[in-house]
Amino acid sequence: MTKAGILGMGSSVGDQLVTNLDFEKRLDTTDEWIRTRTGIEERRMASENRKSSHMALEAAKDALEQANVSAEEIDLIVVATVTPDMAFPSVSAMIQDQLGAKNAAAMDISAACAGFIYGIVTAQQFIENGAYQHVLVVGVEKLSAVTDMEDRNTAVLFGDGAGAAVLGPVSEEKGILAFELGSDGSGGMHIHLQDKFIFMNGREVFKFAVRQMGESALGVIEKAGLTKEDVDFLVPHQANIRIMESARERLGLPPEKMSTTVKKYGNTSSASIPIALVEELKNGKIKDGDTVVLVGFGAGLVWGAVALRWGR
Ligand code: UT7
């Protein structure tokens, strides 16, 4: 059976650096509160005319180059986003044209912070059943466009960016080993877009996230026929360091085996996991043959996890 894996990745972030001190000057908050409650130190926000499609395009170009796959070789583009430039056309169709991916189908999916995981699992199905060879998956958000910058409960949390992966066939022992996806729409109102802004019941989302991240990560490890000891690196959705730490502790991993890019980029929703992957590949924290667990949760409520063995 064909195995699907990640052939190359790329990322792009907002062009404006916004530090906790910038918020301290404008809102009833402190650098200390933000750091200790969330782990965030700074985030990148995209200026007015820099849209999701721009960041998605940059990340996608980077991923194609890293994968050594041409735009014409892409069969399908899946963009996970809850902040497209406009309701339609989709971001995936926009970048299909801009990349010159003239043989690709294109669709956007809405699974909030679990979007990248839903995207790569979708890609895996098309590749493993033989329908397609190469699928480009992008997670991109411009959350600053839907955040009330006067609301201290949400303004300090989010950032803008994109992360992209080219998936294709890999050798039998590499690639996606198992996945787990789930949803519970009964909690949907805990985090939703109302009028133009994000509304969040932080405490409820926090409780859900702590429970779900640990359970999904353990679940996917078991499905892959692995044990906690087999995991080399954990890339959780980068929302809050305290949520991430609880998942890491449930897996019994030491701190150096988990990505914590949240401190630099804040919560970039569907872009957080691929941005973190790109960063950890650059840092040499993820190496060929490593067993890596990705786990995310978000608005829906939805969640997803993937266990994969890195490399082609
Ligand atoms: O991507 C998925 C989406 N979201 C998440 O993952 C978010 C999950 N939730 C969280 O990360 C946390 O719940 C937050 C970081 C949002 C909040 O942290 P918390 O420790 O759960 O704080 P809290 O909501 O229990 O609020 C404690 C206090 C409140 O004041 P009162 O009511 O106790 O007087 C808040 O008003 O902290 C206050 N507060 C702030 N204070 C200073 C909330 N935001 C701020 C702020 N600066 N920025």
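Order of appearance sets the numbers: ligands from 1, and atoms from 1 within every ligand. Position 1 is the first residue of the sequence, and the numbers go up from there.
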Open item on the list: Among all the protein's non-hydrogen atoms, which is closest to atom 3 (C) of ligand 1, and how far away is it?
Closed with: Ile191 CD1, 3.6 Å
Task: Cationic N near anionic O, under 4.0 Å, Glu173 to Arg309 - done: no
Task: Min N/O separation Arg37 to ligand 1 under 3.5 Å - done: yes
Open item on the list: Could you tell me, atom by atom, which parts of ligand 1 come under 4.0 Å of a heavy atom of Ala239?
Closed with: 1 (O), 6 (O)
- [ ] Report the C-alpha separation of Phe297 and His237 in whole Å, then their side-chain angles, then the decisive distance to 0.1 Å, and conclude whether the ring-ring contact (aromatic ring centres under 6.0 Å, His included) test is met.
- [x] CA-CA 7 Å; Phe297 67 93; His237 168 45; 5.3 Å; yes
Open item on the list: For atom 33 (O) of ligand 1, what is the closest protein heavy atom, and at what distance to 0.1 Å?
Closed with: Arg203 NH2, 4.5 Å
- [ ] Could you pull out the closest heavy-atom pair between Glu256 and Lys285, with the gap in Å?
- [x] O-NZ, 3.8 Å
Open item on the list: Return the closest protein heavy atom for atom 5 (C) of ligand 1 as residue, atom name and distance.
Closed with: Val205 CG1, 3.7 Å
Task: Which segment of Thr29 sits under 4.0 Å of ligand 1 when only heavy atoms are counted - done: both
Open item on the list: Below 4.0 angstrom, counting only protein heavy atoms, does anything approach atom 41 (N) of ligand 1?
Closed with: yes
TODO: To the nearest 0.5 angstrom, please state how far the CD atom of Gln66 sits from the CG atom of Leu7.
DONE: 11.5 Å
Open item on the list: Can you confirm whether the side chains of Glu279 and Tyr265 place a donor and an acceptor under 3.5 Å from each other?
Closed with: yes
- [ ] Provide, to 0.1 Å, the distance between atom 4 (N) of ligand 1 and the closest protein heavy atom, together with that atom's residue and name.
- [x] Met200 SD, 3.2 Å
TODO: Using a strict cut-off of 4.0 Å, indicate which atoms of ligand 1 neighbour a heavy atom of Arg242.
DONE: 18 (O), 19 (P), 20 (O)
Open item on the list: Tell me whether Lys264 contacts the main-chain N or O of Arg43 through its side chain, where contact means a donor paired with an acceptor under 3.5 Å.
Closed with: no
Open item on the list: Heavy-atom distances under 4.0 Å decide this one: backbone, side chain, both or neither, for Leu27 against ligand 1?
Closed with: neither
Open item on the list: With heavy-atom distances below 4.0 Å as the criterion, list the atoms of ligand 1 near Thr38.
Closed with: 15 (C)
Task: Closest protein heavy atom (residue, atom, distance) for atom 9 (N) of ligand 1 - done: Gly202 O, 3.0 Å
- [ ] Could you check atom 14 (C) of ligand 1 against the protein and tell me its nearest heavy-atom contact, residue, atom and distance included?
- [x] Asn240 ND2, 4.4 Å
- [ ] Nearest 0.5 Å please: distance from the CE atom of Met94 over to the NE2 atom of His54.
- [x] 8.5 Å
Open item on the list: Tell me whether ligand 1 is touched by Cys113 - counting only heavy atoms on the residue side and a distance under 4.0 Å.
Closed with: yes
Open item on the list: Below 30° counts as parallel, above 60° as perpendicular, anything between as tilted: where do the rings of Phe199 and His192 land?
Closed with: tilted
Task: Contacts of type salt bridge (Lys or Arg N to Asp or Glu O under 4.0 Å), residue Arg242, not counting sequence neighbours - done: none
- [ ] Look up atom CG in Leu57 and atom OG in Ser52, then write down how far apart they are to the nearest 0.5 Å.
- [x] 12.5 Å
- [ ] Could you tell me the residue and atom name of the protein heavy atom closest to atom 2 (C) of ligand 1, and the distance to it rounded to 0.1 Å?
- [x] Phe297 CE1, 3.6 Å
TODO: Pull out every atom of ligand 1 sitting under 4.0 Å from any heavy atom of Asn267, numbered as shown with elements.
DONE: 1 (O), 2 (C), 3 (C)
Open item on the list: Is atom 28 (C) of ligand 1 near the protein, in the sense that some protein heavy atom lies at less than 4.0 Å from it?
Closed with: no
Open item on the list: Does only the side chain of Trp33 get under 4.0 Å from ligand 1, or the backbone, or both, or neither? Count heavy atoms.
Closed with: side chain
Open item on the list: If the threshold is 4.0 Å, N to carboxylate O, is there a salt bridge linking Glu24 and Arg152?
Closed with: no
Task: For His237, the ligand 1 atoms whose distance to one of its heavy atoms is below 4.0 Å - done: 1 (O), 2 (C)
TODO: In plain terms, say whether Glu32 and Arg35 are close enough for a salt bridge, that is, a side-chain N and a carboxylate O under 4.0 Å apart.
DONE: no
Task: atom 31 (P) of ligand 1 protein-contacted (non-hydrogen atom, under 4.0 angstrom) - done: no
Open item on the list: Which option wins on minimum heavy-atom distance to atom 43 (C) of ligand 1: Asn153, Val210, Asn20?
Closed with: Asn153
Let me check something: any side-chain donor-acceptor pairs from residues 181-189 under 3.5 Å, sequence neighbours excluded? List them with distances.
from	atom 1	to	atom 2	distance (Å)
Asp184	OD1	Ser186	N	3.1
Asp184	OD1	Ser186	OG	2.6
Asp184	OD2	Ser186	OG	3.4

Open item on the list: Quick test: of every protein heavy atom, which one is nearest to atom 36 (O) of ligand 1, and how far off is it to 0.1 Å?
Closed with: Arg152 NH2, 3.0 Å
